Amino acid sequence: MEHAICFISTASNNFTVGEIETLLPKWREKNNKENIKGMLLFSEGNFFQVLEGEKTKVLELFQRIKEDPRHNNIIQVVGKDLSKGSFDHYIVEHLDEAEYSKPELVSQYCESEGNGSRNPAANQKHSQIVY
């Protein structure tokens, strides 16, 4: 069964741009191996993440994230079973300008029912990452 978890958290470190740019490919490789799909946005010291995939894998990954000292103040926004996920791959964005955001990615995901329709935003060309 497919499952999704959406959460926000605060980074425990003040990551530099270089550190984030170094970590993204590592997270991408790891999540690709685990077949985790979704989205990770990082901006001004905060993470917004959606994890989708096989339920056991998603729950185990979320537990590891909750135990990861790089995350503080984790707030789970969504936790639900899905008949089919909304993402075809893992989208990652480092939003390094305060004015820059992609609220349409979040609203499209939140409005999806997980009923097999694919999120059009997921088909846009973005860098892929995995946690």
Side-chain angles (χ1 to χ4, degrees):
M1 170 165 292
E2 294 282 306
H3 192 75
I5 292 178
C6 172
F7 71 93
I8 56 174
S9 68
T10 303
S12 59
N13 299 329
N14 290 324
F15 290 109
T16 66
V17 172
E19 289 170 324
I20 287 295
E21 298 301 325
T22 299
L23 289 170
L24 295 182
K26 292 177 183 180
W27 292 337
R28 175 180 53 241
E29 181 180 337
K30 187 173 181 180
N31 284 343
N32 282 330
K33 286 180 183 177
E34 294 295 321
N35 199 28
I36 299 291
K37 298 174 176 122
M39 165 175 55
L40 171 64
L41 304 178
F42 179 80
S43 180
E44 298 180 359
N46 298 291
F47 294 99
F48 174 88
Q49 190 162 11
V50 176
L51 304 170
E52 288 185 349
E54 192 274 316
K55 187 172 186 172
T56 303
K57 287 183 180 182
V58 169
L59 293 174
E60 288 172 357
L61 175 56
F62 187 54
Q63 184 61 40
R64 287 194 309 269
I65 291 169
K66 291 191 296 186
E67 295 169 0
D68 187 327
R70 294 174 290 188
H71 291 272
N72 289 322
N73 307 318
I74 296 173
I75 299 171
Q76 183 176 336
V77 179
V78 173
K80 64 180 181 177
D81 290 334
L82 306 169
S83 59
K84 192 170 187 181
S86 297
F87 292 91
D88 292 324
H89 56 278
Y90 207 90
I91 299 168
V92 65
E93 291 276 350
H94 176 204
L95 309 177
D96 58 358
E97 297 179 26
E99 314 76 49
Y100 182 72
S101 68
K102 292 211 172 187
E104 67 278 6
L105 290 175
V106 177
S107 64
Q108 288 173 359
Y109 180 76
C110 291
E111 292 170 6
S112 82
E113 296 291 327
N115 59 7
S117 62
R118 291 290 185 187
N119 181 340
N123 295 324
Q124 295 176 4
K125 293 189 183 214
H126 295 280
S127 300
Q128 293 183 9
I129 181 170
V130 189
Y131 190 94

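Sequential numbering from 1 along the given sequence is applied to the chain's residues. Keep in mind it's a predicted model, so treat the numbers as computed, not measured.
What you find for Val50 and Phe87 is that their closest heavy atoms are CG1-CE1, 4.0 Å. The shortest non-hydrogen separation linking Val58 to Gly53 is CG2-N, 3.3 Å. Between Pro69 and Ser12, the shortest heavy-atom distance links the atoms O-OG, 2.6 Å.
With sequence neighbours excluded, the residues satisfying side-chain contact (heavy atoms from CB on, under 4.5 Å) with Thr22 are Lys26. Qualifying side-chain contact (heavy atoms from CB on, under 4.5 Å) partners for Glu67, counting only residues two or more places apart in sequence or in other chains: Gln63.
The shortest side-chain heavy-atom distance between Ile65 and Phe7 falls under the 4.5 Å cut-off. Residues Ile36 and Lys57 form a side-chain contact, since some pair of their non-hydrogen atoms from C-beta on lies under 4.5 Å apart.
Residue Ile75 is grouped with residue Met39 when hydrophobic side chains (ILVMFWY) are merged at heavy-atom distances under 4.5 angstrom, including chains of intermediate members.
The main-chain N or O of Asn46 is never found under 3.5 Å from a side-chain atom of Thr10 such that the two would form a donor-acceptor pair. Distance alone, capped at 3.5 Å, is enough to place a donor-acceptor pair between the Glu54 side chain and the Thr56 backbone. Looking only at distances, a side-chain donor or acceptor of Glu52 sits under 3.5 Å from a matching main-chain atom of Ser86.
With rounding to the nearest 0.5 Å, the separation of CD in Glu21 from OG1 in Thr16 is 9.5 Å. A distance of 3.5 Å separates SG in Cys6 from CZ in Phe48, rounded to the nearest 0.5 Å. Here Leu82 contributes atom CG and His3 contributes atom NE2; the two are 8.0 Å apart, rounded to the nearest 0.5 Å.
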Could you walk me through whether Leu41 and Gln49 pass the side-chain contact (heavy atoms from CB on, under 4.5 Å) test, one step at a time?
-> CA-CA 6 Å; Leu41 304 178; Gln49 190 162 11; over 6 Å; no
Hey, mind stepping through Ile5 and Leu59 against side-chain contact (heavy atoms from CB on, under 4.5 Å) and telling me if it holds?
-> CA-CA 8 Å; Ile5 292 178; Leu59 293 174; 3.8 Å; yes
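The aromatic rings of Phe47 and Phe42 sit tilted relative to each other, their planes meeting at an angle between 30° and 60°.
For the pairing with Asp68, the side-chain hydrogen bond (donor to acceptor under 3.5 Å, both in side chains) check across His71, Arg64, Arg70, Lys66 returns one residue only, Arg70.
With salt bridges taken as basic N to acidic carboxylate O contacts below 4.0 Å, one links Glu29 and Lys33.
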